[in-house]
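Every chain is numbered from 1, with letters handed out A, B, ... down the list of sequences.
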Amino acid sequence: MKILDTLSGAEKDVDISDSVRIYLCGVTVYDESHIGHARTIIVFDTLRRYLESKGVRVNLVQNFTDVDDKIINRANKENTSAEKISTKYITNYFDDFYRLNVKRANSYPKATEHIPDMINLIQGLIDKGFAYVSKNGVYFSVLKFKDYGKLSKKKIEELISGARIEVDETKKDPTDFALWKFADESPTWESPWGKGRPGWHIECSAMSLKYLGSNFEIHGGGRDLIFPHHENEIAQSEAFSGINFAKIWMHIGMVTINGEKMSKSLGNTKSIDFVLKRWGPNIIRLFCLSGHYSKPIDYSEDLLKETIIKWRQVENCYFELILADNSVSESDELIKGVVNEAENEFDDALDSDFNTPLALSVFFKLVKGANQLASSEKLTRNISDNILPTFLKMLSILGLKVIEVTDDEKLKISSLIKQRNMLRNQKKFQEADAIRKQISDMDIVLIDHKNKTLWMKQEKIGIEN
RNA sequence: GGUGAGGUGGCAGAGUGGCUAUGCGUUCGCCUGCAAAGCGAAUCUAUAGGGGUUCAAAUCCCUUCCUCACCUCCA
């Protein structure tokens, strides 16, 4: 599998010989997560599911930044503690992503629980001459790290002349960034240099090193983290260890709205709770995977409405496949071939820089093919058995979930269908329609084929009600 | 201003030299007691503009224009 590496600008093979170690920059927990966060995390969740489907072990680590000025500001505003704020939004995070059918990462380290690791790292950097203590804190000396700028392709001279860098007289150089900031106001921690808080970037270096070691396979995050966050992580980590930090840097494009980046500072975000209520998890996941991960996608209601139609086709396909009972036996060699080919194309697409839109088109071709067979009443049990495992496998890699139906429900549905069909045969259409209404109140849609009636359970989509 | 990524049919979105995905939409049709869902056919026959290389370019080169992101916190 190849992934485009931001650092080298080239597609690089993911080393799957042992476990694939992935560090993903998570969220700062001072507010609700939004669809932009969701996209990044869904992409990595899908990547992880794909690798695991290949039998590759994945060690996915995703941090929570739970110490930050934004958290403290919010706590002050709400007259509560920073810890309460971060705990609240971590809970909120897990609730959101559980509902998005995102598998749990292997660990979710929190910055506040790794202060000693950060202090070690900072001390190491001071010892090696890459960091110094000044009046306001401990700073990383950017000029000492000769590769600085290699990820974001920035030249240090340009950064220095950049008017937007705040002037801080206590720094040796304007581009130096804080590893530790002295502070008195809680939350603070003791350190060899004085009471204070860690800088933002150091946590990811400390925690990735601790949980994944140096030179792990993939470091991911949103594109907006390339500078300064990831640039600084590289500087800290490589200055400390002398070893390349991550083998591949994988950056996820922004979610835009009306062509503009969605961000809290612009105030144009759509929270995960909002989009889940409106569209549900499957539509959101399909939407997030509908464009190549490296490019921006635009949150557009029209597109999402389109996605509902696609999802209905998937639901239809699922129920056709599991309910097929036509036993006319036919040669299924052809089907096997087609299914195999689809599976290979699906994998090829994902192996080639995780091309999810291409993989989705393969998936929808399979769905369409099955629906075609069903429509022309050629979908026998035999054929279904050949398609179903591949269909379910793709569904699971994509993290999609069709609504489950209990056995009790199934019995009830088939008995109602029998009644309705009897009434239809007697041409008592009004009564038959009343039963159909009763069934549709259970979110079941009937599919009248020529010789039999099938059914599918539809996910309720908020916007349709 | 600097850096990076892009500009593909009505829309979304693949494709990195020849075989011009895929989906949605639109129109007509099939199926049906009527629907719904699904399916079929047709339609669109696109590659930002200009130049070049080539037998052949969306794909390579030059150039112009445009968009977005980053350069401050951000997924």
Side-chain angles (χ1 to χ4, degrees), chain A residues 4 6 9 24-28 30 33-44 62 65 68-70 149 151-155 157-159 161-166 200 220-229 231 251-256 259-266 269 287 290-292 294-298 300 302-310 312-313 315-317 319-320 345 349 352 355-365 367-368 370-377 423-425 427-430 432-433 436 440 445-450 453-456 458:
Chain A
L4 181 71
T6 310
L24 176 59
C25 283
V27 294
T28 302
Y30 71 102
S33 302
H34 57 72
I35 177 102
H37 302 116
R39 183 193 188 187
T40 298
I41 286 154
I42 285 169
V43 167
F44 278 92
Q62 185 189 323
T65 299
D68 185 87
D69 287 348
K70 285 185 175 168
L151 181 72
S152 57
K153 276 77 181 170
K154 290 189 189 305
K155 295 200 174 74
E157 311 84 70
E158 279 156 9
L159 287 170
S161 61
R164 291 159 99 178
I165 304 270
E166 65 177 288
W200 173 36
R223 290 206 85 83
D224 53 351
L225 294 184
I226 293 175
F227 190 91
H229 186 53
E231 193 68 64
H251 287 109
I252 311 303
M254 296 294 102
V255 177
T256 60
E260 263 198 322
K261 181 183 167 186
M262 192 182 279
S263 76
K264 285 176 197 160
S265 32
L266 288 171
T269 60
F287 167 72
S290 70
H292 191 260
S294 64
K295 292 186 179 176
I297 45 170
D298 201 58
S300 127
D302 285 344
L303 265 181
L304 284 151
K305 280 180 196 157
E306 255 184 40
T307 311
I308 298 176
I309 291 162
K310 295 182 186 181
R312 296 301 184 213
Q313 292 171 352
E315 285 177 323
N316 185 80
C317 179
F319 285 99
E320 293 281 7
E345 280 178 22
S352 161
N355 193 336
T356 55
L358 191 56
L360 280 178
S361 79
V362 175
F363 174 63
F364 284 114
K365 265 196 271 184
V367 167
K368 188 134 197 155
N371 286 343
Q372 264 168 4
L373 289 170
S375 170
S376 54
E377 308 215 26
L423 291 165
R424 286 170 76 205
N425 285 336
K427 302 211 184 300
K428 294 180 179 166
F429 296 123
Q430 253 184 1
D433 287 351
R436 182 162 68 196
S440 88
V445 171
L446 296 181
I447 307 162
D448 285 331
H449 286 306
K450 204 163 193 170
T453 301
L454 283 190
W455 53 271
M456 62 191 254
Q458 283 194 336

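- A:S152 comes within contact range of the sugar-phosphate backbone alone, with a heavy-atom separation under 4.0 Å but no base atom that close.
- Applying the 4.0 Å criterion to OP1 and OP2 of B:C30, one finds that A:K450 has every side-chain N and O outside that range.
- A:L225 comes within contact range of the sugar-phosphate backbone alone, with a heavy-atom separation under 4.0 Å but no base atom that close.
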### Message
What verdict does the side chain to side chain contact (heavy atoms under 4.5 Å, CB included) test give for A:H34 and A:K264, after you've listed the backbone C-alpha separation in whole Å, the side-chain angles of each residue and the deciding distance to 0.1 Å?
### Response
CA-CA 9 Å; A:H34 57 72; A:K264 285 176 197 160; 3.9 Å; yes
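- Of the listed nucleotides (B:G4, B:G23, B:C34), B:G4 has the atom at the smallest distance from the side chain of A:R223.
- Heavy atoms of A:N355 sit under 4.0 angstrom from primed sugar atoms or phosphate atoms, though from no base atom.
- Residue A:G36 is in base contact, counting any heavy-atom pair closer than 4.0 Å across all strands shown.
- Secondary structure note: stems in RNA chain B built from 3 or more consecutive Watson-Crick or G-U wobble pairs under 3.5 Å occupy B:1-7 with B:65-71, B:10-12 with B:22-24, B:25-30 with B:38-43, B:48-52 with B:60-64.
- A:K368 comes within 4.0 angstrom of sugar-phosphate atoms only, judged by non-hydrogen atoms across all strands, and of no base.
- Among the heavy atoms of the strands, none lies under 4.0 Å from A:I252.
- The side chain of A:K310 places no N or O atom within less than 4.0 Å of a non-bridging phosphate oxygen (OP1 or OP2) of B:A12.
- Contact annotation for A:I309: backbone-only contact, meaning every heavy-atom pair under 4.0 Å involves sugar-phosphate atoms and none involves a base.
- Residue A:D448 is classed as a base contact, given a heavy-atom separation below 4.0 Å to a base.
- Using a 4.0 Å heavy-atom cutoff across all strands shown, A:F429 reaches at least one base atom of the nucleic acid.
- Taking 4.0 angstrom as the limit, A:Q313 places a side-chain polar atom (N or O) nearer than this to OP1 or OP2 of B:C24.
- Residue A:K305 is classed as having no contact, given no heavy-atom separation below 4.0 Å to the nucleic acid.
- Across all strands shown, A:K154 has heavy atoms under 4.0 Å from base atoms, whether or not it also approaches the sugar-phosphate.
- Atom C1' of nucleotide B:C31 and atom CD1 of A:I447 are separated by 13 Å, given to the nearest angstrom.
- Taking atom P on both nucleotides, B:C60 is separated from B:C68 by 24 Å, rounded to a whole Å.
- At the heavy-atom level, A:R424 lies under 4.0 Å from base atoms of the strands shown.
- As judged by a 4.0 angstrom heavy-atom cut-off over every strand, A:T6 is placed among residues making no nucleic acid contact.
- Across B:G13 and B:G6, the matching P atoms stand 14 Å from one another, rounded to whole Å.
- Nucleic acid contact class of A:G253 (heavy atoms, under 4.0 Å, all strands): base.
- Comparing A:I297 and A:G222 by the nucleotide of RNA chain B whose heavy atom lies nearest to each, the residue mapping closer to the 5' end is A:I297.
- Comparing B:A75, B:G38, B:A12 against the side chain of A:N316 picks out B:G38 as the nearest.
- A:T28 and A:D68 share no donor-acceptor pair across their side chains, judged by distance under 3.5 Å alone.
- Residue order along RNA chain B, read from the 5' end via each residue's closest nucleotide, puts A:H292 first among A:A374 and A:H292.
- Here the separation of B:U45 from B:U20, taken at their P atoms, is 16 Å to the nearest Å.
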